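Down below is the structure, laid out as structure tokens.
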Amino acid sequence: MKHHVVVATYHKTGTVWMNNVFRTFCAAAPASFHTLSRDVSRWKDTPDQIRIFQEFQADAESRGEHAVIFENHCNLPPVEVMQGCRGFRVVRDPRDVLISAANYHVRSDEAWLHAKQPKFGGMTYAEKINSLDSFEDRILFEMDHVGGETIVKMAHFDKDRILETVKYEDLVTDTEMTVWTSLMRRIGLEDTDLDAAANAFWQCSLFGGMRNKSISHQTSGSPRQWYDKFSDALSQAVEARFGKEIETLGYAVPAA
């Protein structure tokens, strides 16, 4: 590796997948894996954010290595702090983000989903979304809450001088690993690292080593799920609300 590498995802854009890929890679390569969001409370103050990021770099350098720094909500320090790093963030079609979020939030045991909230009349997020009768109602709910917040955050990104943007759809269909290998070269992996990176990607992908394994957190990783699942009315509602964000992220409105 020629640089420290930053990998960032958003809620329901392949977070567990990319985490597993780079943990596997770092176990095989001379690189240190660090997770920025290991303690969310540490990210409330910018000075702590910068300090922790720099500590991860220093820790790797003390062993003569580069660091892979992973962040699962794209909460990153200022560009100036990341100078000398390379990396990428993973985005996903906002319509599929809404579907994945709705499916996940009705069944996940993550603690934040089960904390009572005044804005839901004392119900938890999970209780509220489970109280809705239809798939369409759950999508509309997500538009107003975590799903919608994720879409806005994906579309308003100001660190593209350091991180390039990669579409989840391009990675999840990359069975020949051509997109992946090109990406790894661009973020500074050397020839000696590429086999380990390709092996990690294959091992952790649904079309590769995970093909016949049950993954509890995931229902489907296929692209364009919304095309078959959204009614015309729901598509129009989502596009009316997030059409600009969908286009900003490089997806078609309306899709062909």
Side-chain angles (χ1 to χ4, degrees), residues 1-19 21-22 33-58 60 66-98 100-101 112 142-171 179-180 182-189 238-253:
M1 291 171 60
K2 301 175 184 177
H3 318 274
H4 296 302
V5 170
V6 177
V7 179
T9 60
Y10 300 86
H11 191 50
K12 311 314 297 174
T13 70
T15 294
V16 174
W17 181 28
M18 287 296 105
N19 186 303
V21 167
F22 281 97
F33 184 86
H34 298 274
T35 305
L36 289 178
S37 18
R38 64 186 181 183
D39 184 350
V40 175
S41 66
R42 297 176 75 178
W43 289 94
K44 290 182 179 178
D45 298 314
T46 301
D48 281 345
Q49 183 190 62
I50 293 172
R51 175 179 56 78
I52 294 166
F53 189 91
Q54 292 173 332
E55 284 176 358
F56 289 159
Q57 293 175 300
H66 286 100
V68 173
I69 302 175
F70 182 81
E71 164 53 34
N72 65 15
H73 286 87
C74 214
N75 291 329
L76 297 168
V79 168
E80 295 73 22
V81 178
M82 296 194 292
Q83 292 296 336
C85 297
R86 299 286 293 277
F88 65 97
R89 65 171 185 143
V90 183
V91 301
R92 188 178 186 181
D93 189 315
R95 293 156 290 199
D96 281 344
V97 167
L98 292 171
S100 185
W112 69 271
E142 284 295 337
M143 286 170 60
D144 289 332
H145 297 94
V146 172
E149 292 167 4
T150 301
I151 292 169
V152 171
K153 189 171 184 180
M154 283 195 301
H156 295 85
F157 184 70
D158 63 356
K159 298 178 175 67
D160 51 4
R161 284 188 287 142
I162 299 295
L163 304 189
E164 63 177 280
T165 296
V166 181
K167 290 183 177 179
Y168 169 88
E169 293 81 4
D170 291 338
L171 293 177
V179 173
W180 179 255
S182 176
L183 174 63
M184 293 300 100
R185 288 187 185 277
R186 294 198 304 275
I187 66 172
L189 267 65
V238 174
E239 289 164 9
R241 177 78 170 276
F242 295 114
K244 183 179 293 186
E245 286 80 5
I246 293 170
E247 289 185 324
T248 295
L249 290 164
Y251 296 95
V253 182

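Just so it is clear, the structure is predicted and the values come from calculations on it, not from any experiment. We count residues from 1, following the sequence as given.
In this structure, Lys12 NZ and Asn72 CG are separated by 11.5 Å, a value rounded to the nearest 0.5 Å. Between Gln49 atom CD and Glu71 atom CD the span is 8.0 Å, to the nearest 0.5 Å.
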Could you give me the CA-CA distance, side-chain angles and deciding distance for Leu189 and Arg185, then say whether side-chain contact (heavy atoms from CB on, under 4.5 Å) is met? CA-CA 5 Å; Leu189 267 65; Arg185 288 187 185 277; over 6 Å; no
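At a threshold of 4.5 Å between non-hydrogen side-chain atoms, the residues Val5 and His66 do not count as touching. Within the 4.5 Å cutoff, no side-chain heavy atoms of Phe56 are placed close to those of Gln54.
Residues in residues 143-158 take part in these side-chain hydrogen bond (donor to acceptor under 3.5 Å, both in side chains) pairs, two or more places apart or across chains: Asn75-Lys153, Asp144-Arg241.
Applying the side chain to side chain contact (heavy atoms under 4.5 Å, CB included) test to Ala67 and every residue at least two apart in sequence or in another chain returns His4, His34, Ala60, Ile69. Asp96 is linked by a salt bridge (charged side-chain N to carboxylate O under 4.0 Å, His left out) to nothing, counting only residues two or more places apart in sequence or in another chain. Glu247 pairs by the salt bridge (charged side-chain N to carboxylate O under 4.0 Å, His left out) definition with nothing, not counting sequence neighbours. For Thr13, the side chain to side chain donor-acceptor pair (under 3.5 Å) test picks out no residue, with sequence neighbours left out.
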Less than 3.5 Å apart, which donor and acceptor atoms pair up between the side chains of residues 77-86 and the rest of the protein, not counting sequence neighbours?
from, atom 1, to, atom 2, distance (Å)
Arg86, NH2, Arg186, O, 2.3

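Here the side chain of Thr15 pairs no donor or acceptor atom with the backbone of His11 at under 3.5 angstrom. Looking only at distances, no side-chain donor or acceptor of Tyr168 sits under 3.5 Å from a matching main-chain atom of Val91.
Glu169 and Asp93 get closest at one heavy-atom pair: OE2-N, 2.9 Å. His3 and Gly188 get closest at one heavy-atom pair: CD2-CA, 3.7 Å. For Phe242 against Gly148, the heavy-atom pair with the smallest separation is CZ-CA, 3.6 Å.
Between Phe88 and Trp180, the ring planes lie perpendicular to each other; the angle is over 60°, past the 30° to 60° tilted range.
Each of Asp160, Val7, Thr165, Thr9 was checked for a side-chain contact (heavy atoms from CB on, under 4.5 Å) with Arg89, and the lone residue meeting it is Thr165.
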